[in-house]
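Remember, it's a predicted structure, so these values are computed and weren't measured experimentally. We name chains A, B, ... by the order of the sequence lines, and we start the count at 1 in each one.
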Protein chains: 2
Amino acid sequence: MLVARITLAKTDANCLDCPIRHRAVCASCTSSELEELNRIRQYRTWKAGETIAWAGENMSFVGSVVTGVATLSSTLVDGRRQMVGLLLPSDFLGRPGRGEVSYDVVAATETTFCLFQRDQFERFLSKSPSIAKELLEKTLDDLDSAREWMLLLGRKTAREKIASLLVMMARRDGALHRNEPGDGLVFPLHITREAMADYLGLTVETVSRQISAMKRDNVIQLMDTRTIRVPDFNRLVEQSAASSGFEDAHHALPETTAKRA
Amino acid sequence: MLVARITLAKTDANCLDCPIRHRAVCASCTSSELEELNRIRQYRTWKAGETIAWAGENMSFVGSVVTGVATLSSTLVDGRRQMVGLLLPSDFLGRPGRGEVSYDVVAATETTFCLFQRDQFERFLSKSPSIAKELLEKTLDDLDSAREWMLLLGRKTAREKIASLLVMMARRDGALHRNEPGDGLVFPLHITREAMADYLGLTVETVSRQISAMKRDNVIQLMDTRTIRVPDFNRLVEQSAASSGFEDAHHALPETTAKRA
DNA sequence: ACGCGAAATTGACATGGATCAAGGAAGTTC
DNA sequence: GAACTTCCTTGATCCATGTCAATTTCGCGT
């Protein structure tokens, strides 16, 4: 498997060494707050394909993705499925004040969470304005992403959907690592074609066909089925039918900017 | 025009008389907090069709819808448009900490907002945990709605989309008024067929055809083009392909529950 | 190295919704 | 109350994507 198997000790590691220290909900905590979080947090890892929580189930934990990728998805009674969110490192899972989870949460790759008992976290939340602020900020970002995705689902063509997904993956990957673009941008997809289809509101067949078509047109190359090389990132962005709004001003192009880690 | 023309004096009215007093971000404010809000708030009304803010523009206000309906929508460079949110009374517009608005905001009907200067609101927000909590709560609700809509956009058929929209409109209407179901449920749509199409990721033609088809099948009746009568609400819900999850447990069926006003 | 199952690709065909086009209904202006 | 304009409906046709089916490739365990 391609995914780095970083295995973190459940309690040993310190928040200060945490890879998502500066990007998760705890980003702006004071050191005394961090100490308290450090005491009540727990790491837990799910293997690729494992279900972390079922829609409707009660979940007593909330927390952040430390490493890996997890998906949020909804299902209609007849089995049609739509992914409604992607959890990447530093993303938060769980809703303070509500145990019941609204979507199936599945580990797409091996995924490690930094978890808190929900009631403990809620108590902490009500004491700590900084974490409340970060959580609101994150939720607003999630809302923006969800709405951007609505535009994609409602109005973009299959080709544009695939391009948009690749752009997003490249950006989110670039925000973590830092891709020095020597001979193009290379990044991993992490997810299966089926997961892509679920995310984009397409079928696997259409995803596969469009990827083949983009390969033929030399917009992308496949190192292997899950690793994309993009010779010309701008060309890819063009094909994604980026919206005329200015939402993207808040995202980082992998080459140009990256949140300081 | 069908919309009630409640015209509120800009500064006269008191928060205590506000129609959204118990459902807006200020719902759980203390009376001293309310007094302060009362001093810094302003009512402002937009006529149907007027643009409240353009995507990318800087907006120095945030606030809540008091009466009316406004839409949030994104546009692709070539003009394809997708509505990404609907603002009904008590819904909040604006993002603390960011002036730039991500979507076009348009008054679908005559719409009155209760507005605050953004910096004033932010100052208030950082002092008032109760309003911060409400805002987080609202944002999480918005996120849930957006995700439910993603499922609709990605996976539902035209028929199911229309049914879902009608169910939503009926519910949101029912949460405000209280429909005593004598001879079926009657509610106004407020929005044009075009707005419906924008919301559902369809064309006007398809919206119109599906509405005609549902009329033919006696799932709905039209009192006039914008007023729907539903003889059997459950039948409508069935046609909406409600998801197998449990998200709906948090919404009120018009007949069964309604938030106390 | 072999074989198995899952994932991905490709082809042939079907269809739901878009597009193009025309006309009707309802509200507004002079 | 005639002429617009905007909104809505309906019909005919087309095409992007879904569906069904077969085959290939890849990853992994033995």
Whole-Å distance separating the [atom1] atom of [X] from the [atom2] atom of [N]:
| X | N | atom1 | atom2 | answer |
| --- | --- | --- | --- | --- |
| E160(B) | dG16(C) | CD | P | 12 Å |
| R81(A) | dG18(D) | CZ | C1' | 18 Å |
| E194(B) | dA26(C) | CD | C1' | 17 Å |
| K161(B) | dA18(C) | NZ | P | 7 Å |
| R226(B) | dA25(C) | CZ | C1' | 13 Å |
| R155(A) | dA16(D) | CZ | P | 17 Å |
| E205(A) | dT10(C) | CD | P | 13 Å |
| D198(B) | dC8(D) | CG | C1' | 15 Å |

Under 3.5 Å, side chain of [X] to main-chain N/O of [Y], donor-acceptor pair present?
| X | Y | result |
| --- | --- | --- |
| R80(A) | R155(B) | yes |
| Q210(A) | V207(A) | no |
| T111(B) | V69(B) | yes |

Can you figure out which of [options] approaches the side chain of [X] most closely?
| X | options | result |
| --- | --- | --- |
| T192(B) | dT9(D), dA8(C), dC8(D) | dC8(D) |
| T157(B) | dG17(C), dG11(D), dT17(D) | dG17(C) |
| T203(B) | dG17(C), dA8(C), dA18(C) | dA18(C) |
| L202(A) | dG18(D), dG17(C), dT10(C) | dG18(D) |

- [ ] Using the closest heavy atom to pick a nucleotide of DNA chain D for each, name whichever of T225(A) or V207(B) lands nearer the 5' end.
- [x]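 Mapping each residue to its closest nucleotide by heavy atoms, the 5'-most match is V207(B).
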
Side-chain N or O of [X] less than 4.0 angstrom from OP1 or OP2 on [N]?
| X | N | answer |
| --- | --- | --- |
| S208(B) | dT9(D) | yes |
| T206(A) | dG18(D) | yes |
| R209(A) | dT17(D) | no |
| S212(B) | dT10(D) | yes |

TODO: Answer yes if the side chains of S145(B) and D142(B) hold a donor-acceptor pair under 3.5 Å, and no otherwise.
DONE: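 The answer is no; no qualifying pair exists.
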
- [ ] Output the distance between atom CG (L189(A)) and atom CG (L165(A)), rounded to the nearest 0.5 Å.
- [x]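 Those atoms lie 7.0 Å apart.
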
Open item on the list: At 4.0 Å (heavy atoms only), tell me whether G49(A) reaches a base, stays on the sugar-phosphate, or touches nothing.
Closed with: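 Nothing, no nucleic acid heavy atom in range.
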
